[in-house]
Each structure stands twice: as C-alpha cells, then as structure tokens.
S.K.: 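Dropping the structure in here first, questions after.
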Amino acid sequence: MLARQVILSGTSNALKTISAATASPTKSLMPKSTAPSAAPTRRYHEVTGDIISPSMVMGIDHLRDPRLNKGLAFTLEERQVLGIHGLQPARFKNQEEQLELCRISISRYQEDLNKYLYLVDLQDRNEKLFFRLISEDVEKMMPIVYTPTVGLACQKFGLIYRRPRGLFVTINDRGYIYEVLRNWPESDVRAIVVTDGERILGLGDLGACGMGIPVGKLALYTALAGIPPHQCLPIVIDVGTNNTALLEDPLYVGLRHNRIQGKEYDDFIDEFMEAVVKRYGQNTLIQFEDFGNHNAFRFLDKYRDTYCTFNDDIQGTASVAVAGLLASKRVTGKKISENTFLFLGAGEAAIGIADLVCKAMQVEGLTLQEARDKIWLFDIDGLLAKGRPEGRLGGHKAFYAKEHKVMKNFAEVVNEVKPSVLIGASAAGGAFTPEILQAMGKNNDRPIIFALSNPTSKAECTAQAAYDNTEGRCIFASGSPFPPVQYGGKTFLPGQGNNAYIFPGIALGVIATGTHHIPEDMFLIAAQAVADHVAQEDLDKGSLYPPLGAIRDCSLEIAVGVTKFAYEKGLASTYPEPKDKLAYIKTHLYNFNYESAMPVTWKWPPQKEVTGGSINPTQLQA
Ligand SMILES: NC(=O)C1=CN([C@@H]2O[C@H](COP(=O)(O)OP(=O)(O)OC[C@H]3O[C@@H](n4cnc5c(N)ncnc54)[C@H](OP(=O)(O)O)[C@@H]3O)[C@@H](O)[C@H]2O)C=CC1
Ligand SMILES: CC(=O)C(=O)O
Ligand SMILES: [Mg+2]
C-alpha cells in the first residue's frame, strides 16, 4: 500500500509516516501540541503585503512559488542576482503584456469550465497576475471564478481536482483540529471562509466538493477588496455527505459516509471555532458560507456575540437586496416601507432579507410588527400562514406567518397579496412563470422582481422573461449574471443582486479595525454604501446596482462605514483610531503590481518596515 508522508510541524520536526487509506491522520499519529505553531512563516511588507524574500528563497523558488513568480517580468538584473538567468526565454514582458496574453488565452476556451481551469492554473502559477486580471475585468472574470461557473466546478470537483487549495478539516480530525490548522503554511490569516458543503449555491449537498465556494469567495476578498491573499484561508469541513450520487461516485474526494449530525457535529464545529481563535486570534473573521438551513441560523445565533463571524447567505445577501431596494426608491418614488413584499423561499437568504428589510423600514419610522406585516413568505409547503397543517413555522419563519387561509399555489398568492416587490430565493429554477410575472406587471407601474437563486439554472426567471412579461416596466436583478436584454427598442443591463457587493467590503473593514463582533447594523451601513454608488445612468439602464467594475469602490466605501461604526461603538481593537479612515483603509490594500524581486539587504538593527516579529539573528548569518 502506498504510504503518505506528513511532516508534523513542531519542535522536533519529526517525519512521520501514516497510512494513505485514511482520509485524515489517525489520532495516535497527531501529537497534541502545546507549543505555538512552528509552521513555516513568511515575512510580509507591512504596507504592500508583498513577501520580503530572505536569501534562502533564491533561485528557482522565484519561478515556482506563485507569490514570487513574475514570469518574464523578471529583469536581467533580477534574473542574474536570483540565479534564474537562463531558466526562461530571453524575452522580457511587463505585467500589462502578460495580462494581454492571459486575456487572449482565456478567450480561446469555449467552455466555461476550461476558462475556470485556466484561472486556477494561473493562480497556482502567478498570484499577482491572477488577481490583477480579475480585479481589472470583474465583469468578465467574476462569472468564471464565482457564480455561475464555480457551481459547475464544484459539481465536477472530483474530476478537475489537481492541486490542493484550502484546508480540508474532516470529522476524523476531531480533537485535533488545531493541529490540522497548524499545517496551514501561513501564520497571518485574518479571514476564513468556511463551508460544510451542505447547500452549495442552489445545487444542494456537494460535500467536500464545496471547496470551490470558499476558494471563489476569498478570491473576491482580494480582487474586490484588496485583502492580501496570504491573510485568507478557505476551509471545508467534511463531515460526510447525504448526496447518494456522490457517495457512489468513484471520483468523489470527500469522506464516503452520510453526514455526521447532532451533538457530534455541533461539538466539532465548537472545536473548530475554538481552534481558529487559538491558532489565529480572537479577531479572525469567520465567514459561514453555504451551510444547510438547519445549521446556518443556529450557528449564527450561537456564535455571533462570541466570535468575529457572520453568515454571508443570511446577512450578506440581506445587505445586497436592501441596497437594491434603497436604490429603487429613486425609480419608484416609494419608500421601502410603502412596498408589499412576497418571497418565494423562506430560507437563509429570504429570511435574512426580510429581517434586514424590517430594520430598514424601522429606520423609516415603522414599528417592527408593522414592518413584518408587509412581508409575506412562501416556502415548499406554501404560504407561511398560522395554523397551516403542513410545514414547520419554527424559528424566524414564525415572525412572518400571517392569519390567512392556507394557500399552496404561488401564482394565486401573487394575485391575492399583490406584492410590489417579488423576491425569489428558493433555488426553484423558472418558478416565476409568465403568468406570475404578468400579474406583477398588471398590479404595478414599476414591479420590482429579484430572481436571486444561483447558479443561473436555478434563477426563478431569466431577465428576458421578466422584461417580456411586464412590458419592459420591471426593475429586475438576479443572483447570477444575465446578458443585456432587448425590449421595445431599448437595451436593459439588469444588475446582479449578489452578496459579492457586500462581503469583501465588510471583511476589509472588520480586518482593518480588528473588530470583535459584527452587528447587524453593519449590513445596513453596507447596503447604504452600495446604494449610494448607484448612478442615475445605472438606473436608466435598468440596474439597481453599480456596475461590477465598481465593486472595488463599493468595498472601500463599505470598509470606511464599518470602520466609523466600529470605533463609534467600541468594537474596534486597533488603536489609535485613525482620523482619515479612507487613508487608513488604503494602507491595508494588496498591491496587484509586481515589486522588485531584488533581495532585501539585511541590516542590523532591523528595518522598521519588516513585520512578523523580531528578526532571528541566525537568519542574518545565513
Ligand atoms: N444572490 C445571492 O447573493 C444569494 C443567492 N442565494 C441563493 O438563494 C437560494 C436559496 O438559498 P438559501 O436561502 O440559503 O437556501 P435555504 O435552503 O435556506 O432556503 C430555500 C428556501 O426555499 C424554499 N423552497 C425550496 N423549493 C421551493 C419551491 N419549489 N417552492 C417554494 N419554496 C421552495 C425552502 O422551503 P422550506 O423552508 O420549506 O425547505 C426554503 O425556505 C440558492 O439558490 C442560493 O444560491 C443565496 C445566498 C446569496
Ligand atoms: C451567492 C451565494 O452566496 C449563494 O448563492 O449561496
Ligand atoms: Mg452562499
């Protein structure tokens, strides 16, 4: 049998061999560590986040390490000093020329999955080039690294898996999660996106194949908010899967059993949270992503006041939807509280949105109950009506249940409630039928229709169908992008109501301020920041959101808002409070451009800009 060798970081640095038959190290081979992590650490420039290369990373590492690699952009001097002269062709190419080549290369692929694989390969090869490419062409690249293509990549994960990216923590690691975290080779992690793969987009339980999601979300942390990539850690918690097709699929790479649930699972998540804090500190941002509904709300309630955490599907989605609604006021002339809302779906996204809409209505002067009265939800068992015979009304659903007859036909509910805002967050692709859309058009001058489910195949309707069935009068947004729509001689560019407008900026503000907790108000602040970025020109084209290319500006604005709020409320832990918040936030941004690769001349005493603790004199002698 093949043996897998695992280097256990620790004082002894001993090499231990374990059986490859187990997907995770067995307990007996994972020594409990008490010493601080001895995982290899890199030094980063305080401002740019660039790696400061000590002399030991000379030569070929500069071509092999994606953080150091600049491809043909290494100058002659750099090639000679680093000892890589002759290892590349003679040509020099700056980053702009390389970007052009990337664009040409990617356009040659017909299949989106191949484009995705090209980008994965680029990230593995040349990190700065990868991030600059995405950040400079968000409109073209986001649909590849993110929804919808990332959904396909998750579905094909076993087939396309090449090199590891992110950390896989399995239920077999219980009792040893901290030790597994120590194997991650970065010591300065500030943000984690974690999923257990149970509800990947609208595609259901994809188990360990869900890794594509944290990887994609964190790529956007860097591309859209300039958070340095070494500060980002994607994690999949693998407790098995209930997806029988995957369990029978020979290509499946996760644990091959049903999901561990109940107390065992909860204890495991508790241990995970504690291990993260022990390894990376109390301020480490933990973004919960694509957990199953039954766990998502529980964990948010359980951890929100004791950890620096938020649930993107509940809170990030709420924020982006409210941003669109705030912007819609400029089109409809109506306050948010003057609308009647109907949701298809009453899960994480829908309830999250409903709760934040209530907060926005309260700001407009309504009581909480008055706000809830304006919101109707419909789940798989029908309208949330008190006393309905089937379908649980537990948890947050109960707040929105109405004294109303039982109704199971959504089209009939649309006619009964006559909503001015229709929001789909059900993963029921095509559920907004022409009949439903026409009713929206009949009952409203400017009906607001959000088909938020992802990926594209799960959208409740297409953009084209929304315009076609409302005589072009609707204000439409979708979770995944749709191409421009032609209607009545006009071209509409509907916006993408996706939490990607929100989570990168929230994360940037939280990280920069060392905020301990993330109150709900921050998501309202973020919503307003995005709405403020919507130009009249965007509204005229039919979009309630700024163009995707402007998300980077939104992220900065959100981060500034979060920073102000964090200091006002005593949540920040970074002192002194910066006077110029925007300037302060900008000092945290990743530099997408190549830096000189010439080795730093090491001096004693240490130079001020060198971070990562005191310099070890033994390194100086090397
Ligand atoms: N645009 C964006 O930024 C985001 C989009 N989403 C998308 O929203 C969708 C839902 O996600 P999420 O809320 O987290 O998932 P949940 O599983 O938490 O909720 C799904 C909800 O839809 C209901 N539902 C399912 N099928 C039907 C149906 N045929 N008719 C009526 N109701 C139905 C479920 O009913 P029941 O409660 O009875 O099970 C449940 O209330 C996904 O496609 C996801 O990708 C999610 C987050 C962000
Ligand atoms: C966008 C997102 O977070 C989702 O669809 O789950
Ligand atoms: Mg999600």
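Just so you know, ligand 1 is whichever comes first in the structure, and atom 1 is the first atom listed for that ligand.
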S.K.: With rounding to 10 degrees, what does the angle E289:OE2 / the Mg ion (ligand 3) / D313:OD1 come to?
M.R.: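 Once rounded, the angle between the two atoms at the Mg ion (ligand 3) is 100°.
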S.K.: Compare L452, T195, L203, L201 and give the one whose heavy atom is closest to atom 4 (C) of ligand 2.
M.R.: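 Nearest option to atom 4 (C) of ligand 2, by heavy atoms: L201.
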S.K.: R330 side chain to T332 main-chain N or O, any donor-acceptor pair under 3.5 Å?
M.R.: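 No; zero donor-acceptor contacts below 3.5 Å.
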S.K.: With S480 as reference, evaluate N454, N498, T149 under the side-chain hydrogen bond (donor to acceptor under 3.5 Å, both in side chains) test and give the passing residue.
M.R.: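 The residue from N454, N498, T149 that satisfies side-chain hydrogen bond (donor to acceptor under 3.5 Å, both in side chains) with S480 turns out to be N454.
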S.K.: Under 4.0 Å from any heavy atom of G202, which atoms of ligand 1 are there?
M.R.: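 So the atoms of ligand 1 that pass are 42 (C), 43 (O), 45 (O).
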S.K.: Please list, in number order, the atoms of ligand 1 under 4.0 Å from a heavy atom of A428.
M.R.: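 Those atoms are 29 (N).
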S.K.: I want to check something: taking the side chain as every heavy atom from C-beta on, are T147 and Q496 in contact at a cut-off of under 4.5 Å?
M.R.: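 In short, these two side chains touch, coming nearer than 4.5 Å.
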S.K.: Go through it in stages, so that I can follow the logic: the residues are E460 and S453, the test is side chain to side chain donor-acceptor pair (under 3.5 Å), and I'd like the CA-CA distance, side-chain angles, deciding distance and then a yes or no.
M.R.: CA-CA 7 Å; E460 284 75 10; S453 293; 2.6 Å; yes
S.K.: Would you mind telling me if ligand 2 is within reach of the side chain of I213, the backbone, both or neither, using heavy atoms under 4.0 Å?
M.R.: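 It is neither part, as no heavy atom is under 4.0 Å.
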S.K.: Under 4.0 Å, heavy atoms only, figure out whether ligand 2 is touched by the backbone of T147, its side chain, both or neither.
M.R.: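 Looking at T147 and ligand 2, no heavy atom falls under 4.0 Å.
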S.K.: Please list, in number order, the atoms of ligand 1 under 4.0 Å from a heavy atom of G479.
M.R.: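 Answer for ligand 1: 1 (N).
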S.K.: When you check the side-chain N and O atoms of S420 and N339, is any donor under 3.5 Å from an acceptor?
M.R.: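 A donor-acceptor contact under 3.5 Å links the two side chains.
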S.K.: If the cut-off is 4.0 Å to any non-hydrogen atom of K397, which atoms of ligand 1 fall inside it?
M.R.: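 Numbered from 1, ligand 1 contributes 36 (P), 37 (O), 38 (O).
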S.K.: Can you tell me which N/O/S atom of D290 has the shortest distance to the Mg ion (ligand 3)?
M.R.: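 Of all N, O or S atoms belonging to D290, OD1 is the one nearest the Mg ion (ligand 3).
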S.K.: Could you list which atoms of ligand 1 come closer than 4.0 Å to a heavy atom of A346?
M.R.: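 So the atoms of ligand 1 that pass are 21 (C), 40 (C), 41 (O).
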S.K.: Just need the protein heavy atom nearest to atom 39 (O) of ligand 1, so name the residue and atom and give the distance.
M.R.: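 Going by distance alone, atom 39 (O) of ligand 1 is nearest to I380 CG2, 4.2 Å.
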S.K.: Have a look at S319, A477, S426 and point out the one with the heavy atom closest to atom 24 (N) of ligand 1.
M.R.: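 Result: the heavy atom closest to atom 24 (N) of ligand 1 is in S426.
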S.K.: Does an N or O anywhere in D313 fall below 3.5 Å from an N or O of ligand 1?
M.R.: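 No.
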S.K.: State whether the shortest distance between N or O atoms of L452 and N or O atoms of ligand 1 falls below 3.5 angstrom.
M.R.: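 Yes.
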S.K.: Do ligand 1 and V320 have nitrogen or oxygen atoms that lie under 3.5 Å from each other?
M.R.: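 No, since none of the N or O atoms of V320 sits under 3.5 Å from an N or O of ligand 1.
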S.K.: Atom CG in L233, atom CG in L181: separation rounded to 0.5 Å?
M.R.: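 L233 CG to L181 CG: 7.0 Å, rounded to 0.5 Å.
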S.K.: Side chain, backbone, both or neither: which part of Y146 has a heavy atom under 4.0 Å from ligand 2?
M.R.: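 Under 4.0 Å from ligand 2, Y146 contributes side-chain atoms alone.
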S.K.: In terms of residue, atom name and distance, what is the protein heavy atom nearest to atom 5 (O) of ligand 2?
M.R.: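 Checking every protein heavy atom, the shortest distance to atom 5 (O) of ligand 2 gives N454 ND2, 2.8 Å.
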S.K.: Side-chain donor-acceptor pair under 3.5 Å between H533 and D553, yes or no?
M.R.: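 There is no such pair (donor and acceptor under 3.5 Å, judged by atom type) between the side chains of H533 and D553.
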S.K.: Heavy atoms only, cut-off 4.0 Å: how does T147 contact ligand 1, side chain, backbone, both, or neither?
M.R.: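 No part of T147 comes within reach of ligand 1.
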S.K.: List the closest protein heavy-atom neighbour of atom 13 (O) of ligand 1: residue, atom name, distance to the nearest 0.1 Å.
M.R.: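 Closest protein heavy atom to atom 13 (O) of ligand 1: A349 N, 2.9 Å.
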S.K.: Between the side chains of N311 and Y303, is a donor N or O closer than 3.5 angstrom to an acceptor N or O?
M.R.: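 Not at all, the side chains of N311 and Y303 share no donor-acceptor pair under 3.5 Å.
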S.K.: Which part of K458 is near ligand 2, with near meaning a heavy atom under 4.0 Å away: side chain, backbone, both or neither?
M.R.: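 Neither part.
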S.K.: Looking only at heavy atoms, is any part of T317 under 4.0 Å from ligand 2, and if so is it the side chain, the backbone, or both, or is it neither?
M.R.: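 No part of T317 is near ligand 2 at this cut-off.
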S.K.: Just need the protein heavy atom nearest to atom 20 (C) of ligand 1, so name the residue and atom and give the distance.
M.R.: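 That would be A425 O, 3.9 Å.
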S.K.: Any nitrogen or oxygen of R199, main chain or side chain, under 3.5 Å from a nitrogen or oxygen of ligand 2?
M.R.: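 Such a contact does occur with ligand 2.
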S.K.: Rounded to the nearest 0.5 Å, how far apart are CG of N415 and CD of E435?
M.R.: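 One finds 7.0 Å between CG of N415 and CD of E435.
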S.K.: Would a 4.5 Å heavy-atom cut-off, applied to side chains only, mark Y252 and T241 as touching?
M.R.: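 Contact flag for Y252/T241 side chains = yes.
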S.K.: Say you draw a straight line from CG of L285 to CZ of F503; how long is it, rounded to the nearest 0.5 Å?
M.R.: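 That separation rounds to 11.0 Å.
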S.K.: Which one holds for T317 and ligand 1: side chain close, backbone close, both close, or neither close, with close meaning a heavy atom under 4.0 Å?
M.R.: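 Contact part for T317 vs ligand 1: side chain (C-beta onward).
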S.K.: Report the part of K458 in contact with ligand 1, treating N, CA, C, O as backbone and CB onward as side chain, heavy atoms under 4.0 Å; options are side chain, backbone, both, neither.
M.R.: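 For K458, no heavy atom sits under 4.0 Å from ligand 1.
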S.K.: Can we call the ring centroids of F310 and F523 under 6.0 Å apart?
M.R.: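 They qualify: ring centres under 6.0 Å apart.
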S.K.: Give, for atom NZ of K374 and atom OG of S337, the distance between the pair rounded to the nearest 0.5 Å.
M.R.: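 It is 6.5 Å, given to the nearest 0.5 Å.
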S.K.: At a 4.0 Å cut-off, with the gap strictly under it, does some heavy atom of Q496 reach an atom of ligand 1?
M.R.: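 No.
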S.K.: Any side-chain to backbone donor/acceptor pair from K217 onto V215? Under 3.5 Å, distance only.
M.R.: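 Such a contact is absent between K217 side chain and V215 backbone.
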S.K.: Answer yes or no: does an N/O atom from N498 fall short of 3.5 Å to an N/O atom of ligand 2?
M.R.: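 So ligand 2 has no N or O lying under 3.5 Å from an N or O of N498.
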S.K.: How far is atom 46 (C) of ligand 1 from its nearest protein heavy atom, and which residue and atom name does that atom have?
M.R.: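 So the nearest neighbour among protein heavy atoms is R199 NH2, 3.7 Å.
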S.K.: Can you tell me if R388 uses its side chain to pair, donor with acceptor, with the backbone of L383 under 3.5 Å?
M.R.: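 It does hold such a pair.
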S.K.: Please tell me whether Q438 and N469 have a donor and an acceptor in their side chains that are separated by less than 3.5 angstrom.
M.R.: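 Side chains of Q438 and N469: pair found under 3.5 Å.
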S.K.: Write out the residue and atom name of the closest protein heavy atom to atom 1 (N) of ligand 1, then the distance separating them to 0.1 Å.
M.R.: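 Answer for atom 1 (N) of ligand 1: G497 O, 2.9 Å.
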S.K.: Please report whether ligand 1 has a polar contact with N293, defined as an N or O pair separated by less than 3.5 Å (distance criterion only).
M.R.: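 It does: an N or O of N293 is found under 3.5 Å from an N or O of ligand 1.
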